[in-house]
Amino acid sequence: MGAKHPGVGEKPVVALSEVTKTFGEGATAITALDRVSFGISKHEFVSVLGPSGCGKSTLLRLISGLAKPTGGSLRIHDYPVTEPRDDIGIMFQRPILLPWLDVLANVTFPLKHKYNRVTDEGRDRAHALLRVVGLQDFLSKSVDELSGGMQQRVALARALLLDPDILLMDEPFSALDALTREEMSFELLNIWSGRPKTVVFITHSIPEAVLLSDRIIVMSNQPGTVREVLDVPLPRPRSIDTLSHHAFNELANYIRRQLFVRRVT
Amino acid sequence: MPPTGSSLVKRALALASRFSVTILFVIIIATWEAACRTFSIPTFILPSPSLIVTGALDQTWSTWAGHIWATVRVALMGYALAIVVSIPLAVMLATSPFLERTFYPVIVGVHSMPIVAVAPIIVVTLGSSDLPRVVITFLIAFFPIVVTTTAGLMATPPEMIEFSRSLRAGRTREITQIRLPFAVPYIFSALKISITLAFVGAVVAEFVAAERGLGYFIQLSTTYFKINQSFAALLVLMAINMVAFQVVTLIQVVFAPWSLPKDRK
């Protein structure tokens with residue numbers, strides 16, 4: 001089974017056209033993103049890869065509706081993005097759990113916060129999601145007692161609570177140690193194949209991007225522009241074996257050369 | 001095997017360190033008593049501990065209870081008023097730069113008034129009831145709560161606010177479900193400072209105008225050179241203060257254990 005590609009005539013779920021984001025005005029203005037264009041189709045897993053300061057996080061904030069572009073057009077399901085949408089789940093770099101709530105209450109918090117009540121159905125969903133991320137035995141634990149990896153699992157369960165069509169992930173594993181990080185990417189892979197979603201995954205890890213994605217958007221910095229969009233020719237479902245696939249290393253090395261060539265060789 | 005000399009010393013030292021506070025207390029009292037007797041210090045300069053106890057027993061239990069209740073009642077009413085006024089005030093200051101600019105100087109101004117100097121004026125203005133005493137107590141207890149709660153509300157991590165905004169929960173829930181819970185550790189720090197200040201306020205108010213209360217009793221006893229009774233009332237005040245402080249701490253332990261420093265859990 002090959003990676004899904006946008007069919008002919010199929011409208012992309014997320015569509016960016018010449019999106020520009022400038023901070024400040026006049027001579028001191030800094031352009032974080034310069035005329036970025038790409039589309040993401042339904043249930044596609046797209047990674048945005050690039051060096052620090054290439055505007056990756058800004059890009060995610062724009063798609064999430066937390067910030068507005070200064071130029072160009074950004075549409076989701078063909079509607080311009082003007083504010084945060086209900087069908088988007090976000091996972092940030094840090095778990096941002098609320099220490100005054102236990103694990104279960106943290107996962108159900110989006111319901112509590114958005115509608116001021118947690119339904120039984122919502123609570124059941126939270127239980128199910130915590131089982132998916134392997135934390136079913138930690139429901140009433142304080143979040144301070146959890147390890148960094150477990151905290152990010154709680155954050156993932158929380159991001160999935162409202163069953164969003166689109167999942168935005170801003171370097172969600174970058175604060176974890178290398179082992180936990182790798183484990184978490186396989187976990188995410190499993191969850192995504194179980195319930196496909198349109199995912200925008202910001203990362204600065206090349207292997208992570210290659211392992212997870214259908215397509216990789218490689219960015220260059222200052223200002224952030226799209227350098228290249230790459231298809232990942234790896235079969236799904238992917239697993240640990242994918243890491244030894246010749247195409248995996250080929251693509252990873254190709255990206256390395258693209259990103260490092262001017263500095264290293 | 002019989003204990004050797006060195007292990008006996010070790011055990012005695014361990015016992016001493018365990019009861020260090022009690023031992024220190026006993027030493028102070030014994031020294032005090034001995035000093036008063038050997039140097040024949042006049043009782044109106046420094047009464048001996050035994051005279052303080054007899055002075056305390058000169059009054060009936062119901063007299064003591066009346067004075068204690070009068071002071072505790074005023075302190076708690078002023079404290080409650082301070083909490084009820086300060087926390088909403090802090091929310092206003094933290095959420096509106098305009099209100100902060102306008103009211104902060106006023107609050108600092110009010111706090112800058114030396115309370116002992118203002119107390120007689122307040123008593124004249126508000127007449128002879130509990131009201132002026134409660135107002136005086138309020139004036140001394142509210143400031144730490146306003147300042148510290150405002151600081152806590154403003155210290156809420158921007159990522160948490162962004163998370164709230166991504167759910168479009170609205171400003172009210174951002175305050176009640178994110179900012180206020182985040183400020184709870186700050187609020188408890190303030191409550192611990194203010195409970196002690198509330199008793200200072202109540203006693204100062206009683207110095208100015210009262211027919212009952214420990215402050216009033218201290219002043220009355222001093223006027224009649226019954227310094228041992230003043231000392232007795234002072235000790236009672238200290239005891240009440242410590243109990244009240246412990247009650248606030250206990251409330252925090254029971255209702256917001258997560259807000260305690262990690263090593264105190």
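The chains referred to below are lettered A, B, ... by the order of the sequence lines, with proteins before strands, and numbering in each begins at 1.
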*Asks:* Near B:Phe103 CZ, under 6.0 Å, is it more than 12 heavy atoms from other residues, nucleotides or ligands?
*Replies:* no
*Asks:* Might you confirm whether atom CE of B:Met238 has over 12 heavy atoms from other residues, nucleotides or ligands at distances under 6.0 Å?
*Replies:* no
*Asks:* Roughly how far apart are B:Trp258 CH2 and A:Leu98 CG, rounded to 0.5 Å?
*Replies:* 9.5 Å
*Asks:* What is the minimum heavy-atom distance between A:Pro84 and B:Ser166, and which atoms define it?
*Replies:* CB-O, 3.4 Å
*Asks:* Just grab all the salt bridge (Lys or Arg N to Asp or Glu O under 4.0 Å) pairs involving residues 98-116 of chain A, residues at least two apart or on different chains.
*Replies:* A:Asp86-A:Lys114
*Asks:* Of the non-hydrogen atoms in A:His113 and B:Leu167, which two are nearest, and what is the gap between them?
*Replies:*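 Smallest interatomic distance, heavy atoms only, reads CD2-CD1, 4.0 Å.
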*Asks:* So which residues of residues 157-164 of chain A are in contact with chain B at a heavy-atom cut-off of under 4.5 Å?
*Replies:*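 So the qualifying residues are A:Arg158, A:Leu162.
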*Asks:* Taking atom CD1 of A:Ile30 as the centre, report whether more than 12 heavy atoms of other residues, nucleotides or ligands fall under 6.0 Å from it.
*Replies:*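 No - once you tally the heavy atoms of other residues, nucleotides and ligands closer than 6.0 Å, there are 12 at most.
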*Asks:* Residue by residue, scan residues 64-86 of chain B and write down, ordered by number, those that have a heavy-atom distance under 4.5 Å to chain A; if none do, write 'none'.
*Replies:* none
*Asks:* Taking only residues at least two apart or on different chains, which pairs with a member in residues 51-69 of chain A satisfy salt bridge (Lys or Arg N to Asp or Glu O under 4.0 Å)?
*Replies:* A:Lys56-A:Glu171, A:Arg61-B:Glu162
*Asks:* Output the distance between atom CG (A:Asn116) and atom CZ (B:Arg173), rounded to the nearest 0.5 Å.
*Replies:* 4.0 Å
*Asks:* Could you pull out the closest heavy-atom pair between A:Trp100 and B:Pro181, with the gap in Å?
*Replies:* CE2-CB, 3.1 Å
*Asks:* Please classify the contact of A:Leu66 with chain B as side chain, backbone, both or neither, using a heavy-atom distance under 4.5 Å.
*Replies:*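 Contact with chain B: backbone and side chain both.
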*Asks:* Is there a donor-acceptor contact under 3.5 Å from the side chain of B:Arg168 to the main chain of A:Arg85?
*Replies:*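 A pair under 3.5 Å: no.
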*Asks:* For the atom pair OG (B:Ser164) and CZ (A:Phe109), what is the distance rounded to the nearest 0.5 Å?
*Replies:*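 The CZ atom of A:Phe109 is 7.0 Å from OG of B:Ser164, to the nearest 0.5 Å.
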